[in-house]
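In each ligand, atom 1 is the first atom listed, and ligand 1 is the first ligand listed.
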Amino acid sequence: MASFECLRGKTVLVTGSGRGVGRQIAQSFAVQGAQVAICDLVQDRAAETRALIEQAGGTAMAQAADVGDEPSVQRLVGAIVERWGHIDVLVNAAGSYGAAFRRTHETPVEEWDGVFASNVRGSFLCAKAVLPGMMARKAGRIINVSSNAGRSVSPLLGCSYTAAKTAIIGLTRHLAHEYARDGILVNTIAPGPVRSERVTDLIGEDDKATQLAAQIPLGRLAEPADIADVVLFMASDASRFMTGAILDVSGGYVLA
Ligand SMILES: NC(=O)c1ccc[n+]([C@@H]2O[C@H](COP(=O)([O-])OP(=O)(O)OC[C@H]3O[C@@H](n4cnc5c(N)ncnc54)[C@H](O)[C@@H]3O)[C@@H](O)[C@H]2O)c1
C-alpha cells in the first residue's frame with residue numbers, strides 16, 4: 001500500500017463503503033491515520049467495515065444512508081460534522097448497477113432510474129451537502145468514481161451504467177471549474193474491471209473473468225487496493241495542482 005503521511009488526522013467520508021472497492025478505500029484511508037465515515041445502503045455492511053477498521057486500530061463511524069435521498073444524505077453529513085467537526089475528503093464510491101448483458105430495448109425504466117439515482121444523483125447530493133463546509137474552510141477534496149464504462153462502453157452492464165458513469169465525469173468537470181476558487185479540488189477515478197464481489201456476481205470467477213482479464217494489457221483485473229492507492233494520491237498533497245482530471249486505473253484497458 002502507498003503511504004501518505006499528509007492524510008493523518010483527515011476526516012474522510014467514503015460512500016458505498018460497506019463492501020468491495022469502497023470498503024478497501026475506507027480501510028486504506030484508516031491505515032494512513034484518517035478518521036473515516038462509512039456509509040452504505042445496507043447497515044450490516046457498513047457496520048462490518050467499521051468493525052474491520054477498528055479491529056486494525058483505525059478510527060471509523062458507520063451510518064446507513066441512501067445517497068440518492070437528500071434527507072438521508074443531510075443526516076449522514078450532519079452526524080459526521082457533529083462527531084468530527086468537518087469533512088476534508090468525500091469519496092463518492094456508492095453506485096448500483098443493472099443486469100449483465102441486458103439489451104437497451106429490454107431495459108426496464110426502473111433499472112435506469114435506480115442506476116442514475118445512486119450514481120449520479122447520489123454523487124451530486126453528497127457533493128452538495130459537503131461543499132458549504134469545504135467552502136468555509138477554503139479546502140476540500142471530492143473524488144468521484146466513474147468507470148471504464150464512462151470512458152468507453154461497459155463490456156458487462158447496460159446503457160444505464162455507461163450513461164451514469166459518463167454523467168459523473170460531467171459532474172466532476174463542472175464542480176472542478178466552479179469550486180476551484182474556493183480551494184476545493186474535484187477529480188474522477190475511472191477504474192477498469194476489479195476483482196470484486198460485484199464482478200463475481202455478474203460473471204463468475206472462471207471463463208468470463210479469464211476472457212476479460214485477457215483483454216486487459218496488464219493481464220489481470222484490478223485488485224481493490226490498486227484503486228484505493230490512487231484514491232489516496234488524489235486526496236493527498238501530491239495532487240494539489242490537479243482538478244477536473246479523470247484518472248484511468250484500468251491496467252491499460254482504456255487507452256484514450
Ligand atoms: N467492481 C468493478 O469492476 C468496478 C469497475 C469500475 C468502477 N466501479 C465502481 O466502483 C464503485 C465500487 O464498486 P464495487 O465493485 O465495490 O461495487 P459494489 O456493488 O460491490 O459495492 C457498492 C456498495 O454501494 C452500496 N450502495 C449502492 N447504492 C447505494 C446508495 N444509493 N446509497 C448508499 N450506498 C449504496 C451497496 O450497498 C454496496 O455495498 C462503484 O461506484 C462502481 O460503479 C467498479
Side-chain angles (χ1 to χ4, degrees), residues 13-28 37-50 62-73 75-77 90-98 100 111 113-126 129 143-158 160-169 171-172 188-203 205 208-209 212-213 216 220-228 230-231 246-251 253-254:
L13 165 57
V14 186
T15 70
S17 44
R19 75 170 198 181
V21 177
R23 170 177 285 177
Q24 181 61 61
I25 293 169
Q27 290 177 300
S28 295
I38 312 302
C39 122
D40 204 284
L41 203 51
V42 184
Q43 172 127 32
D44 289 353
R45 292 182 184 174
E48 197 178 306
T49 303
R50 176 189 176 172
Q63 187 159 319
D66 177 355
V67 296
D69 177 65
E70 190 160 30
S72 179
V73 170
R75 280 194 298 276
L76 170 69
V77 169
L90 163 66
V91 183
N92 278 317
S96 64
Y97 52 99
E111 175 185 311
D113 288 344
V115 171
F116 265 72
S118 57
N119 281 281
V120 187
R121 190 175 146 109
S123 298
F124 156 66
L125 287 176
C126 291
I143 299 157
N144 294 322
V145 180
S146 179
S147 163
N148 57 283
R151 298 279 288 142
S152 172
V153 66
S154 177
L156 309 176
L157 295 167
S160 58
Y161 191 74
T162 297
K165 290 303 193 185
T166 306
I168 285 173
I169 294 173
L171 176 69
T172 303
T188 297
I189 185 167
V194 182
R195 206 166 60 85
S196 59
E197 288 143 290
R198 170 189 291 218
V199 170
T200 306
D201 286 353
L202 286 168
I203 60 170
E205 280 177 332
K208 283 190 178 137
L212 189 56
I216 298 172
R220 62 171 176 85
L221 274 61
E223 295 296 328
D226 296 325
I227 308 306
V230 178
V231 173
I246 308 158
L247 293 190
D248 292 305
V249 186
S250 67
Y253 189 58
V254 171

With sequence neighbours left out, write down each residue that passes side chain to side chain contact (heavy atoms under 4.5 Å, CB included) with E48, or none if nothing qualifies.
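Per chain and number, E48 pairs via side chain to side chain contact (heavy atoms under 4.5 Å, CB included) with R23.
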### Message
Rounded at 0.5 Å granularity, tell me how far OG in S146 sits from CD1 in I169.
### Response
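The distance works out to 3.5 Å.
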Are I25 and S17 side-chain neighbours, meaning at least one heavy-atom pair lies under 4.5 Å?
->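 When only atoms from C-beta onward are counted, S17 and I25 do not touch, as no gap falls below 4.5 Å.
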* Asked: Under the criterion side-chain contact (heavy atoms from CB on, under 4.5 Å), which of I38, N92, L76 is the partner of L13?
  ->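 With L13 as partner, I38, N92, L76 yield a single side-chain contact (heavy atoms from CB on, under 4.5 Å), made by L76.
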_Testing the 3.5 Å rule here: is there a donor-acceptor pair between the side chains of T172 and N144?_
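Side-chain D/A pair, T172 to N144: present.
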Is atom CZ of R195 surrounded by more than 12 heavy atoms (other residues, nucleotides or ligands) closer than 6.0 Å?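 12 or below, so no.
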Ligand 1 N/O to protein N/O, distances under 3.5 Å:
{"from": "ligand 1", "atom 1": "1 (N)", "to": "S196", "atom 2": "OG", "distance (Å)": "3.1"}
{"from": "ligand 1", "atom 1": "3 (O)", "to": "V194", "atom 2": "N", "distance (Å)": "2.8"}
{"from": "ligand 1", "atom 1": "15 (O)", "to": "R198", "atom 2": "NE", "distance (Å)": "3.4"}
{"from": "ligand 1", "atom 1": "16 (O)", "to": "V21", "atom 2": "N", "distance (Å)": "2.7"}
{"from": "ligand 1", "atom 1": "17 (O)", "to": "R198", "atom 2": "NE", "distance (Å)": "3.0"}
{"from": "ligand 1", "atom 1": "17 (O)", "to": "R198", "atom 2": "NH2", "distance (Å)": "3.2"}
{"from": "ligand 1", "atom 1": "19 (O)", "to": "R19", "atom 2": "NH2", "distance (Å)": "3.4"}
{"from": "ligand 1", "atom 1": "19 (O)", "to": "R198", "atom 2": "NE", "distance (Å)": "3.2"}
{"from": "ligand 1", "atom 1": "19 (O)", "to": "R198", "atom 2": "NH2", "distance (Å)": "3.2"}
{"from": "ligand 1", "atom 1": "20 (O)", "to": "R19", "atom 2": "NE", "distance (Å)": "2.6"}
{"from": "ligand 1", "atom 1": "20 (O)", "to": "R19", "atom 2": "NH2", "distance (Å)": "3.1"}
{"from": "ligand 1", "atom 1": "31 (N)", "to": "D66", "atom 2": "OD1", "distance (Å)": "2.9"}
{"from": "ligand 1", "atom 1": "32 (N)", "to": "A65", "atom 2": "O", "distance (Å)": "3.4"}
{"from": "ligand 1", "atom 1": "32 (N)", "to": "V67", "atom 2": "N", "distance (Å)": "3.0"}
{"from": "ligand 1", "atom 1": "34 (N)", "to": "L41", "atom 2": "N", "distance (Å)": "3.1"}
{"from": "ligand 1", "atom 1": "37 (O)", "to": "D40", "atom 2": "OD1", "distance (Å)": "2.6"}
{"from": "ligand 1", "atom 1": "37 (O)", "to": "R45", "atom 2": "NH1", "distance (Å)": "3.0"}
{"from": "ligand 1", "atom 1": "39 (O)", "to": "D40", "atom 2": "OD1", "distance (Å)": "3.3"}
{"from": "ligand 1", "atom 1": "39 (O)", "to": "D40", "atom 2": "OD2", "distance (Å)": "2.6"}
{"from": "ligand 1", "atom 1": "39 (O)", "to": "R45", "atom 2": "NH1", "distance (Å)": "2.9"}
{"from": "ligand 1", "atom 1": "41 (O)", "to": "A93", "atom 2": "O", "distance (Å)": "2.8"}
{"from": "ligand 1", "atom 1": "41 (O)", "to": "K165", "atom 2": "NZ", "distance (Å)": "2.9"}
{"from": "ligand 1", "atom 1": "43 (O)", "to": "Y161", "atom 2": "OH", "distance (Å)": "2.6"}
{"from": "ligand 1", "atom 1": "43 (O)", "to": "K165", "atom 2": "NZ", "distance (Å)": "3.0"}
{"from": "ligand 1", "atom 1": "43 (O)", "to": "R198", "atom 2": "NH1", "distance (Å)": "3.2"}

